[in-house]
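Bear in mind the structure is a predicted one, so any value in this text is a computation, not a measurement.
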Amino acid sequence: MLATADEALAAFGSSKGLGQLAFNTDRICSVEFDKSLVVEIEDRPDDATIRLNSPLRPLGDADMDVLLQLLAANFNGAGTGKAALAFNMASGDIVLTQGIEYRHHSAASFVAELDRFLRIAVFWESHAATLQPDIATEAPAFGDDMINIRL
């Protein structure tokens with residue numbers, strides 16, 4: 001089992017060939033994938049979790065159909081798995097977010113959780129600009145071979 005957030009982050013960096021990842025002074029590590037997807041990995045030491053946040057797009061003037069689509073995708077994880085879509089008041093962005101209690105994971109299972117989050121984030125990031133009212137009813141299948149992420 002992983003003992004610290006630093007150990008969890010190191011396992012992720014090593015598994016993806018990213019070298020030695022490190023938290024900044026705010027205990028956040030930002031990683032960019034495919035030149036458009038950013039994942040902020042935040043250490044939350046108070047509850048021994050790592051919080052993953054991936055900004056998808058500004059909320060802007062999203063209409064009711066878009067908001068309903070996001071809520072429908074959140075219902076029982078229908079379109080988000082263990083993650084959730086949310087609104088970041090500070091940045092004004094729609095964000096995909098998930099907490100992971102790293103102490104309950106081995107290095108391999110922790111990396112698998114991050115990989116699952118990345119696949120879901122890639123899906124939502126690619127659809128965020130063109131959200132349509134009917135897309136949420138088509139829950140994506142997040143299989144291991146769905147999306148290949150280039151680092």
Side-chain angles (χ1 to χ4, degrees), residues 1-59 66-128 131 135-151:
M1 297 300 155
L2 297 168
T4 68
D6 293 299
E7 189 179 330
L9 186 63
F12 178 67
S14 175
S15 75
K16 298 299 176 200
L18 298 174
Q20 185 66 26
L21 295 178
F23 293 109
N24 65 19
T25 57
D26 293 326
R27 301 297 293 163
I28 297 172
C29 176
S30 292
V31 182
E32 185 177 315
F33 299 92
D34 288 340
K35 298 183 181 173
S36 64
L37 180 70
V38 174
V39 176
E40 296 169 351
I41 305 168
E42 179 183 1
D43 178 19
R44 306 286 301 262
D46 292 346
D47 58 359
T49 61
I50 283 184
R51 171 69 51 192
L52 306 173
N53 294 304
S54 183
L56 302 174
R57 74 166 231 200
L59 181 62
V66 168
L67 298 176
L68 288 174
Q69 177 184 350
L70 297 174
L71 286 172
N74 274 336
F75 182 70
N76 289 335
T80 57
K82 294 179 182 179
L85 293 161
F87 176 64
N88 181 336
M89 294 287 288
S91 69
D93 290 327
I94 297 170
V95 177
L96 185 72
T97 184
Q98 179 180 341
I100 301 174
E101 295 181 40
Y102 54 82
R103 292 183 299 183
H104 299 287
H105 287 279
S106 66
S109 67
F110 179 78
V111 169
E113 282 291 313
L114 262 74
D115 284 344
R116 188 174 302 113
F117 177 85
L118 288 171
R119 285 193 302 277
I120 295 167
V122 166
F123 171 84
W124 282 106
E125 192 268 337
S126 68
H127 287 83
L131 290 174
I135 197 170
T137 60
E138 303 169 15
F142 297 112
D144 288 339
D145 59 348
M146 182 181 146
I147 296 171
N148 292 320
I149 297 172
R150 292 179 302 274
L151 304 177

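- Closest heavy-atom contact between P55 and V95: CA-CG2, 4.1 Å.
- Put simply, the side chain of N88 gets close to the backbone of A90: a donor and an acceptor are under 3.5 Å apart.
- Annotation for F87: atom CZ counts as buried by contact number, over 12 foreign heavy atoms lying within 6.0 Å.
- The heavy-atom pair separating Q20 from A10 by the smallest distance is NE2-CB, 4.4 Å.
- Rounding to the nearest 0.5 Å places NZ of K82 at 3.5 Å from CD of E113.
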| said: What verdict does the side chain to side chain contact (heavy atoms under 4.5 Å, CB included) test give for W124 and T80, after you've listed the backbone C-alpha separation in whole Å, the side-chain angles of each residue and the deciding distance to 0.1 Å? | reply: CA-CA 9 Å; W124 282 106; T80 57; 4.1 Å; yes
| field | Chi angles and distances behind the side chain to side chain contact (heavy atoms under 4.5 Å, CB included) call for L67, L59 | value | CA-CA 9 Å; L67 298 176; L59 181 62; 3.8 Å; yes
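- Closest approach of I50 and A8 over heavy atoms only: CD1-CB, 3.8 Å.
- We find the CD1-CZ distance between I28 and R51 to be 12.5 Å, quoted to the nearest 0.5 Å.
- Taken to the nearest 0.5 Å, the CD1 atom of I41 stands 10.5 Å off from the CG atom of N53.
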| Criterion side chain to side chain contact (heavy atoms under 4.5 Å, CB included) on E125 and S54, from CA distance to verdict | CA-CA 9 Å; E125 192 268 337; S54 183; 5.9 Å; no
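- Taking a cutoff of 4.0 Å between a charged side-chain nitrogen and a carboxylate oxygen, R27 and D6 qualify as a salt bridge.
- The shortest non-hydrogen separation linking A11 to A107 is CB-CB, 3.7 Å.
- Expressed to the nearest 0.5 Å, how far CG of D115 lies from OG of S15 amounts to 6.5 Å.
- A distance-only check finds no donor-acceptor pair linking the side chain of T49 to the backbone of I100 [under 3.5 Å].
- For the atom pair CZ (F117) and CG (L114), the distance works out to 8.0 Å, reported to the nearest 0.5 Å.
- Minimum interatomic distance between S30 and E40 (heavy atoms only, all atoms of both residues): OG-CG, 3.6 Å.
- Here the CG atom belonging to L37 is positioned 13.5 Å from the CZ atom belonging to F123, to the nearest 0.5 angstrom.
- Nearest heavy-atom pair, A86 versus T97, reported as atom, atom and distance to 0.1 Å: CB-CG2, 4.3 Å.
- Using modelled atom types, no side-chain atom of S106 and backbone atom of M1 make a donor-acceptor pair closer than 3.5 Å.
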